[in-house]
2 protein chains.
Amino acid sequence: MEHHGEGSISSNTDYMRMKRSKRHTPRQIQRLEALFKDCSHPCEQHKLQLSRELALSPRQIDVWFQNKRAQMKTREERYDNPKLIEENDKIRSENITIREALENVICSTCGGPSINVDCDFDEQKLRIENAQLKEENFNG
Amino acid sequence: MEHHGEGSISSNTDYMRMKRSKRHTPRQIQRLEALFKDCSHPCEQHKLQLSRELALSPRQIDVWFQNKRAQMKTREERYDNPKLIEENDKIRSENITIREALENVICSTCGGPSINVDCDFDEQKLRIENAQLKEENFNG
DNA sequence: AGTCATGACGTAATAACATGA
DNA sequence: ATCATGTTATTACGTCATGAC
């Protein structure tokens, strides 16, 4: 109900404090955002200046910046999450590829089907087993 | 801003002292949380029942569940993010370990220092290179 | 048939407030 | 006091179902 489209229409002058909407005007927000880009914690002076300039109480300026900082934080997280998941999947599949390569190794000198690897004393084997176990631990 | 003064009569119980606190009482929240665990989208019946039971308007019940769902969503994300980063690191290190193992392979039959792997025609080699490139792509 | 309005209900953003460190 | 964080309430926008034309 009541979709007012005010924002784009009355652009001629400053907004009369539209009775209905408690939102800040686009102009106010634009100004606030501009400052926020430079500094997310405005000093007292900036705060008071904005207060006069935008006809908002200092308290409102304060609240706006607090809310904005919180918003940015969660917005970052929402953005990082899918990125991490994708990256995760890719590395995992690379992992499998290399593991397969390791099993299909063929010796170049004896040309034989040398399926197996080096010594048992070496830590190498242990480390690989270890990695395998940790991997299973995640998936399980 | 002056909002409603709603019938927050706090019924018979103890929480009279918070005069104009807009917070819901612990008892109310406890009850709401309990139902939320079972279903995050309560039907009309449940809503009305809660409304009577907790002396909150149906609208308030509605709003509480909406806010709760949003809260849960961001809470999940906050929790997943560090988990994903940790997982990511571990898989990455496994990756390196296996890669090293692949280079230090020694043939078991000829006992030689068979450093190298199989044929050039095989897709194996390509796949490994591919993985390597993709990996670099991430880090760069 | 369609299409246009309207309402019910959802999420997302936001303003204001409350609290603890 | 200021700030991060969480809570309550409102607004904006989207979708879907229903109904009149």
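The sequence lines fix the lettering, A, B, ..., with proteins before strands; numbering per chain opens at 1.
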Atom-pair distance ([atom1] on [X]; [atom2] on [N]), nearest Å:
{"X": "Ile61(A)", "N": "dT2(D)", "atom1": "CD1", "atom2": "P", "value": "13 Å"}
{"X": "Asp62(B)", "N": "dT8(D)", "atom1": "CG", "atom2": "P", "value": "14 Å"}
{"X": "Glu76(A)", "N": "dA4(D)", "atom1": "CD", "atom2": "P", "value": "15 Å"}
{"X": "Glu44(A)", "N": "dT2(D)", "atom1": "CD", "atom2": "P", "value": "6 Å"}
{"X": "Phe65(A)", "N": "dA1(D)", "atom1": "CZ", "atom2": "P", "value": "20 Å"}
{"X": "His46(A)", "N": "dT2(D)", "atom1": "NE2", "atom2": "P", "value": "16 Å"}
{"X": "Gln28(A)", "N": "dA16(C)", "atom1": "CD", "atom2": "C1'", "value": "15 Å"}

Partner residues of Arg69(B) under the salt bridge (charged side-chain N to carboxylate O under 4.0 Å, His left out) criterion, sequence neighbours left out: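 Arg69(B): no salt bridge (charged side-chain N to carboxylate O under 4.0 Å, His left out) contacts found.
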Contacts of Arg59(B) meeting salt bridge (charged side-chain N to carboxylate O under 4.0 Å, His left out) (sequence neighbours excluded), chain-then-number -> none
*asked:* Under 4.0 Å, heavy atoms only, any strand: does Arg59(B) hit a base, just the sugar-phosphate, or nothing?
replied: base
ask   = Which pairs with one or both residues in residues 42-51 of chain B pass side chain to side chain donor-acceptor pair (under 3.5 Å), sequence neighbours excluded?
value =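 Of all non-adjacent pairs touching residues 42-51 of chain B, those that pass side chain to side chain donor-acceptor pair (under 3.5 Å) are Lys47(B)-Asp62(B).
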* Asked: Are any of the side-chain nitrogens in Lys73(B) or Glu77(B) under 4.0 Å away from the carboxylate oxygens of its partner?
  -> no
Please write out each protein N/O paired with an N/O of nucleotides 5-7 of chain D under 3.5 Å, distance rounded to 0.1 Å.
| from | atom 1 | to | atom 2 | distance (Å) |
| --- | --- | --- | --- | --- |
| dT5(D) | OP1 | Lys73(A) | NZ | 2.7 |
| dT5(D) | OP2 | Lys73(A) | NZ | 2.7 |
| dG6(D) | N2 | Arg23(B) | NH1 | 3.3 |
| dT7(D) | OP2 | Gln71(B) | NE2 | 2.1 |

Residue set satisfying side chain to side chain contact (heavy atoms under 4.5 Å, CB included) with Asp89(B), at least two apart, ordered chain then number -> Ile85(B)
Review point. Does any pair with a residue in residues 29-38 of chain B pass salt bridge (Lys or Arg N to Asp or Glu O under 4.0 Å), and if so which ones, sequence neighbours excluded?
Key: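 Salt bridge (Lys or Arg N to Asp or Glu O under 4.0 Å) check on residues 29-38 of chain B returns Arg31(B)-Glu53(B), Glu33(B)-Lys68(B).
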Practice item. Would you indicate, yes or no, if dA4(D) has its OP1 or OP2 atom less than 4.0 angstrom from a side-chain nitrogen or oxygen of His41(A)? Key: yes
